Amino acid sequence: MLCSRWRTPGGVPEAHHARQRDGQATYLVAWQDQEPLGSGVLQWGGCIGSNARTAYPEAVELNHLQVRDQYRGQGVGSALIAAAEDRASQAGRYQIAVGVAEDNPDAERLYRRLGYCPTGAIDVSQYDWITPEGAVRHETERDHLLVKDLDPTLERAR
Ligand SMILES: CC(C)(COP(=O)(O)OP(=O)(O)OC[C@H]1O[C@@H](n2cnc3c(N)ncnc32)[C@H](O)[C@@H]1OP(=O)(O)O)[C@@H](O)C(=O)NCCC(=O)NCCS
């Protein structure tokens with residue numbers, strides 16, 4: 001249903017789902033009725049970037065956070081981040097990390113507002129992505145790591 005309602009070229013949702021099936025990740029999708037609004041992936045194996053991983057070996061990483069254009073600015077991204085934090089706490093993991101590209105100040109502002117703190121750790125990643133028109137684009141990204149400590153007592157109190 002997700003792929004039929006939200007067409008994403010390049011097999012990206014399938015790859016996220018395969019990681020979930022293998023137990024390596026939880027693929028979070030926000031829905032409104034039958035309509036997917038956005039998604040993110042909680043990586044149980046921790047940070048992908050080597051500097052982030054070395055600095056925060058205990059953290060789970062939330063990545064691939066994306067809300068569809070027409071649904072942005074309505075709290076969907078915040079809800080996905082909250083859901084990721086809940087899942088992490090329920091699994092007994094109390095530190096969550098996100099890597100934000102240095103040219104993405106809007107996303108960084110959102111994370112900081114939600115309690116994520118800059119760490120100074122930076123990782124450079126390279127990846128290919130496929131435009132809706134089918135062209136392959138190569139990107140190099142410098143990701144700044146932000147980390148939030150989750151409060152274990154909150155989960156126990158629920
Ligand atoms: C960043 C993103 C996930 C936020 O989702 P969202 O549903 O728009 O977020 P919310 O409605 O919960 O919160 C709104 C906040 O998101 C941030 N934001 C980032 N990009 C935004 C956009 N294009 N439109 C609206 N808000 C955006 C802003 O900080 C905004 O808060 P503000 O009031 O301070 O401007 C979404 O905008 C998105 O998919 N952006 C493109 C992909 C991306 O940058 N992913 C993050 C990778 S680290």
Side-chain angles (χ1 to χ4, degrees), residues 1-3 5-17 19-20 24-56 59-89 93 95-150 154:
M1 186 191 287
L2 174 63
C3 292
R5 298 277 178 162
W6 182 6
R7 296 200 179 279
T8 313
V12 174
E14 291 86 349
H16 294 335
H17 191 231
R19 284 182 69 76
Q20 172 163 284
Q24 300 177 75
T26 294
Y27 186 15
L28 297 161
V29 181
W31 295 88
Q32 186 170 56
D33 302 321
Q34 308 278 298
E35 191 67 5
L37 311 177
S39 62
V41 183
L42 192 56
Q43 306 285 356
W44 295 112
C47 296
I48 308 289
S50 59
N51 292 333
R53 211 180 168 78
T54 303
Y56 293 91
V60 290
E61 183 173 61
L62 172 63
N63 59 16
H64 299 288
L65 183 72
Q66 187 188 6
V67 174
R68 295 168 80 185
D69 284 350
Q70 64 271 41
Y71 301 117
R72 288 182 189 170
Q74 301 169 38
V76 177
S78 301
L80 284 164
I81 294 166
E85 293 173 2
D86 280 352
R87 298 297 172 101
S89 298
R93 305 285 293 271
Q95 195 170 55
I96 184 161
V98 294
V100 184
E102 62 187 359
D103 61 354
N104 196 353
D106 290 343
E108 178 166 345
R109 195 170 64 244
L110 171 63
Y111 282 122
R112 289 174 82 136
R113 196 166 65 219
L114 295 175
Y116 289 75
C117 299
T119 64
I122 297 175
D123 277 292
V124 177
S125 60
Q126 304 215 21
Y127 60 93
D128 291 330
W129 64 282
I130 301 168
T131 68
E133 296 74 35
V136 178
R137 296 259 190 276
H138 188 75
E139 299 280 352
T140 301
E141 196 172 279
R142 276 170 61 86
D143 291 326
H144 289 237
L145 190 77
L146 281 74
V147 163
K148 179 173 178 177
D149 289 321
L150 306 173
L154 289 181

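Read the numbers this way: they start at 1 and go in the same order the structure lists the ligands and their atoms. Everything numeric in this text was worked out from a predicted model, so none of it was measured.
- Of the protein's non-hydrogen atoms, the one nearest atom 35 (O) of ligand 1 is R109 NH2, 2.8 Å.
- Minimum interatomic distance between P13 and T8 (heavy atoms only, all atoms of both residues): CD-CB, 4.0 Å.
- Of the options G73, G75, G77, the smallest heavy-atom separation from atom 8 (O) of ligand 1 is shown by G73.
- Contact analysis puts N104 in contact with ligand 1, with a non-hydrogen atom separation below 4.0 angstrom.
- With atom 40 (N) of ligand 1 as the reference point, the heavy atom nearest to it among R112, R72, E141, Q66 is part of R72.
- Although no hydrogens or angles enter the test, the distance criterion places no donor-acceptor pair under 3.5 Å between the side chain of T26 and the main chain of L42.
- R72 contributes a side-chain N or O that, together with a main-chain N or O of V67, makes up a donor-acceptor pair within less than 3.5 Å.
- In this structure, G40 has no heavy atom closer than 4.0 Å to ligand 1.
- Near G99, meaning under 4.0 Å from any of its heavy atoms, are these atoms of ligand 1: 48 (S).
- Taking every heavy atom of R113 and a limit of under 4.0 angstrom, the matching atoms of ligand 1 come to 15 (C), 31 (O), 32 (P), 33 (O), 34 (O).
- Here the side chain of E61 pairs a donor or acceptor atom with the backbone of I48 at under 3.5 angstrom.
- The protein atom (non-hydrogen) at minimum distance from atom 46 (C) of ligand 1 is L65 O, 3.6 Å.
- The closest donor-acceptor contact from the side chain of R53 to the backbone of C47 lies under 3.5 Å.
- For atom 27 (C) of ligand 1, the nearest protein heavy atom is 4.0 Å or more away.
- Applying the 4.0 Å criterion to heavy atoms of S78 picks out, from ligand 1, the atoms 10 (P), 12 (O), 13 (O).
- Looking at R19, its side chain never comes within 3.5 Å of a backbone N or O of Q43 through a donor-acceptor pair.
- The proximity of Q74 to ligand 1, defined as any non-hydrogen pair under 4.0 Å, is limited to the backbone.
- Under the 4.0 angstrom criterion for non-hydrogen atoms, E108 is not in contact with ligand 1.
- Protein heavy atom nearest atom 4 (C) of ligand 1, with residue, atom name and distance: L110 CD2, 3.6 Å.
- Using a distance-only test at 3.5 Å, with no hydrogens or angles considered, a donor-acceptor pair links the side chain of D123 to the main chain of N51.
- Interface atoms of ligand 1 facing V76, defined by a heavy-atom separation under 4.0 Å, are 7 (O), 12 (O).
- Taking CG of D103 as the reference point, atom NE2 of H144 lies at 9.5 Å (rounded to 0.5 Å).
- Under 4.0 Å from ligand 1, not a single heavy atom of L80 appears.
- Given atom 1 (C) of ligand 1, the protein heavy atom at minimum distance is A107 CB, 4.1 Å.
- Taking the ring pair (Phe, Tyr, Trp, His ring centres under 6.0 Å) definition, one finds that H16 meets it with Y27, H64, sequence neighbours left out.
- Counting all heavy atoms, side chain and backbone alike, P36 lies closest to Y71 at O-CE1, 4.1 Å.
- If you check which protein heavy atom lies closest to atom 29 (O) of ligand 1, you get D106 O, 2.9 Å.
- Closest approach of Y111 to V98, counting heavy atoms only: CE2-CG1, 3.6 Å.
- Counting heavy atoms of neighbouring residues, nucleotides and ligands inside a 6.0 Å radius, atom CZ of R87 does not exceed 12 of them.
- Considering backbone and side-chain atoms together, V100 places no N or O closer than 3.5 Å to any N or O of ligand 1.
- In terms of protein heavy atoms, atom 39 (O) of ligand 1 is closest to V67 N, 2.7 Å.
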